Amino acid sequence: MLGAQSCRPQVQTGEVPFISQEIWTDVLAYVRKNISEVEYKTWLEPVKNLGVQQGSLVLGVRNSFAQEWFRKHYQELLEDALRSLGAQNPQVSFQVLPAAQDALLLPSDPPPPPSVPGAGRAASAPVPTPDDNRKSLNPKYTFENFVVGPNNNLAHAAALAVAESPGKAYNPLFIYGDVGLGKTHLMHAVGHYIAERFPDKRIEYVSTETFTNELINAIREDKTTQFRNRYRSVDLLLVDDIQFLAGKERTQEEFFHTFNALYESHKQIILSSDRPPKDIQTLEGRLRSRFEWGLITDIQSPEFETRVAILKMNAEQGGINIPQDVLELIARQVTSNIRELEGALMRVVAFSSLNNVPFSRMVAAKALSNVFAPQEVKVEMIDVLRQVAAHYGLTPDVVRGSGRAREVVLPRQIAQYLIRDLTDHSLPEIGQFFGRDHSTVMHAINKVGEQIGKDPELRDTVANLRRAMQLEPDTEI
Ligand SMILES: Nc1ncnc2c1ncn2[C@@H]1O[C@H](COP(=O)(O)OP(=O)(O)OP(=O)(O)O)[C@@H](O)[C@H]1O
């Protein structure tokens with residue numbers, strides 16, 4: 001049984017026997033490194049560690065929506081995290097907490113440390129099997145999931161060429177660009193592609209930071225031979241953030257020899273950096289020139305259309321239908337970093353779900369207002385229509401259509417009433433939106449006004465709908 005001891009607890013074989021706070025903190029730290037800060041705060045921070053039941057780490061989440069979301073988006077990552085701490089066959093499941101415990105879910109624990117140096121690597125098996133080839137790769141980072149736009153099409157084409165002819169097309173491939181623009185994603189995509197076609201090829205992805213830490217440990221523990229063998233025997237070496245080699249002479253020296261060994265035996269090397277080789281200060285000339293031997297390609301910030309396409313793909317993969325105008329609002333709000341863009345989408349999804357309001361530009365603006373510069377969003381007719389339709393379990397088209405059933409007519413009249421109330425549109429404009437003339441709209445508005453005076457239930461419904469449109473939802477996220 002493992003408790004919160006002073007030495008780092010190792011998870012035993014088979015299953016996760018007990019999750020101490022210390023291991024849980026390490027799990028969170030691992031996850032945090034792999035997702036955006038917004039995503040981490042929105043989803044992971046409120047999770048409650050409920051311990052192990054029947055071999056599975058059980059995590060408490062707020063509601064069934066969150067449960068589903070976790071299964072789709074974080075299960076694999078959490079299991080990876082446990083694996084990186086030494087668990088052989090970890091399983092994670094999610095349990096909806098009863099409302100009272102839910103209240104305890106607001107973040108209260110101190111944030112986990114930013115990183116656990118070497119935690120993932122120390123537990124890796126020394127001799128990789130074909131399955132291990134994908135172990136260091138994020139399953140989400142494939143070519144299929146990579147949206148190609150004018151900002152990244154050259155890097156994408158180069159990565160694909162390398163994936164098709166490793167060691168032959170461009171060696172090394174050097175991809176540079178600002179934070180969160182898809183460099184790691186592309187590198188991993190090459191890894192997946194090669195792992196798929198050549199299961200016996202050894203693939204190693206490593207950040208420069210990890211490479212450096214491992215080298216330091218190897219020197220300290222007198223295991224430099226093992227270290228060298230490990231990196232010089234791979235078929236594909238992916239090294240992230242190579243700019244961090246700057247100023248590290250011993251690591252540069254070691255990397256130089258690794259590079260040569262791989263290059264000479266026609267093994268593929270892909271490097272990423274936040275700047276081109278010529279701008280990496282204090283990088284040895286011999287390394288810089290080697291980095292320039294192959295192809296240097298950059299990734300720029302995505303244009304608006306690419307950002308929308310990325311959001312759309314993410315929403316579709318999450319099985320969520322979000323109107324185009326809402327995606328566009330998010331894409332306008334987050335312009336330069338795709339990790340933040342994804343985090344913003346998730347924040348909007350969480351906000352809408354926790355407050356039980358349909359997606360609208362106002363909801364998106366409100367959800368993002370704590371994190372990004374607030375945007376002024378005017379309520380549009382379509383927003384009111386969507387809100388009312390969602391409330392009655394109808395589609396906007398049905399509410400706007402010509403149906404005469406009471407179940408449709410009342411929502412239609414309420415929508416017209418609220419549009420008049422919440423927007424500046426004239427009666428003829430509202431009429432046109434509904435395909436009716438202005439006198440019909442006038443009649444609807446008067447009728448709802450009268451009914452509200454007599455029917456407290458209707459009054460509450462309209463008040464709730466208005467409140468939802470004016471964005472004063474119950475739950476902040
Ligand atoms: N073209 C794209 N299509 C779809 N998703 C993308 C694209 N580019 C980036 N992403 C997503 O954006 C997030 C950040 O990408 P990634 O981690 O590859 O960025 P990076 O450039 O390596 O950043 P860093 O410099 O911080 O390491 C990931 O979730 C990735 O899947």
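Predicted, not measured: the structure shown is a model, and the values here were computed from it. For this chain, numbers begin at 1 and follow the sequence in order.
Residues V363 and D383 are not in side-chain contact: their nearest non-hydrogen atoms beyond the backbone lie 4.5 Å or more apart. Side-chain contact check for Q243 versus Y176: every heavy-atom pair is 4.5 Å or farther apart. Within the 4.5 Å cutoff, side-chain heavy atoms of T212 are placed close to those of T208. At a threshold of 4.5 Å between non-hydrogen side-chain atoms, the residues L160 and H156 count as touching. Within the 4.5 Å cutoff, the side chain of N151 has no heavy atoms near those of the S301 side chain.
Here the NE2-CZ distance, from H192 to F143, works out to 10.0 Å after rounding to the nearest 0.5 Å. Distance check, rounded to the nearest 0.5 Å: CG of L262 to CZ of R232 gives 8.5 Å. Atom CD of E204 is separated from atom OG of S233 by 8.5 Å, given to the nearest 0.5 angstrom. Here the straight-line distance linking atom CD of E328 with atom CD of Q333 works out to 14.0 Å at 0.5 Å rounding. Taken to the nearest 0.5 Å, the CG atom of D298 stands 10.5 Å off from the CD1 atom of I175. The CG atom of L237 lies 9.5 Å from the CD1 atom of I270; values are rounded to the nearest 0.5 Å.
Judged purely by atom type and a 3.5 angstrom limit, Q75 uses its side chain to pair as donor or acceptor with the backbone of V92. Between the side chain of K183 and the backbone N or O of L271 there is no donor-acceptor pair closer than 3.5 Å. Using a distance-only test at 3.5 Å, with no hydrogens or angles considered, a donor-acceptor pair links the side chain of R307 to the main chain of V334. Judged purely by atom type and a 3.5 angstrom limit, Q281 has no side-chain atom pairing as donor or acceptor with the backbone of A246. Within the 3.5 Å criterion, the main-chain N or O of E284 finds a donor-acceptor partner in the side chain of Q252. Panel note: side chain Q268, backbone L236; no donor-acceptor pair is recorded below 3.5 Å. Side-chain N or O atoms of R32 include none that pairs as donor or acceptor with a backbone N or O of L44 at under 3.5 Å.
Ring-plane geometry between F211 and F255 is classed as perpendicular, the angle between the planes exceeding 60 degrees on a 0 to 90 degree scale with a lower cut at 30. Taking the six-membered ring where tryptophan is involved, the planes of F291 and F174 are tilted, since the angle between them lies from 30° to 60°.
Here the closest non-hydrogen pair linking G149 and N152 is N-OD1, 2.8 Å. When all heavy atoms of V357 and S352 are compared, the closest pair comes out as O-OG, 2.8 Å. Contact record, E303 with P150: OE1-CD, 3.4 Å, taken as the closest heavy-atom pair. Contact detail for L78 and V31: the closest heavy-atom pair is CD2-CG2, 3.8 Å. When all heavy atoms are compared, the tightest approach of R290 to N260 is NE-OD1, 2.8 Å. In plain terms, the two heavy atoms of I194 and A163 that are nearest each other are CG1-O, 3.7 Å.
Between D235 and R202 there is no salt bridge, since no side-chain N of the basic residue sits under 4.0 Å from a carboxylate O of the acidic one. Residues K140 and E342 are paired through a salt bridge, judged by an N-O separation under 4.0 Å between the basic side chain and the carboxylate.
Neither side chain, N171 nor Y263, offers a donor N or O lying under 3.5 Å from an acceptor on the other. Side-chain polar atoms of T251 and E254 form no donor-acceptor pair below 3.5 angstrom. Using modelled atom types, one finds no donor on one side chain facing an acceptor on the other under 3.5 Å when comparing K72 with Q317. Residues H257 and E253 bring a donor and an acceptor atom of their side chains to less than 3.5 Å of each other. In this structure, a donor-acceptor pair under 3.5 Å is present between the side chains of E214 and Y231.
Geometrically, R386 does not engage F359 in a cation-pi contact, judged by NZ or CZ lying under 6.0 Å from the ring centre and within 45° of the ring axis. Seen from the ring of Y193, R197 counts as a face-on cation partner, given the 6.0 Å and 45° thresholds.
With sequence neighbours left out, E292 forms a salt bridge (Lys or Arg N to Asp or Glu O under 4.0 Å) with no residue at all.
None of P277, S207, S273, S272 except one satisfies the side chain to side chain contact (heavy atoms under 4.5 Å, CB included) rule with I242; the exception is S273.
Counted within 6.0 Å of CD on E249, heavy atoms from surrounding residues, nucleotides or ligands total 12 or fewer; the atom is thus considered open.
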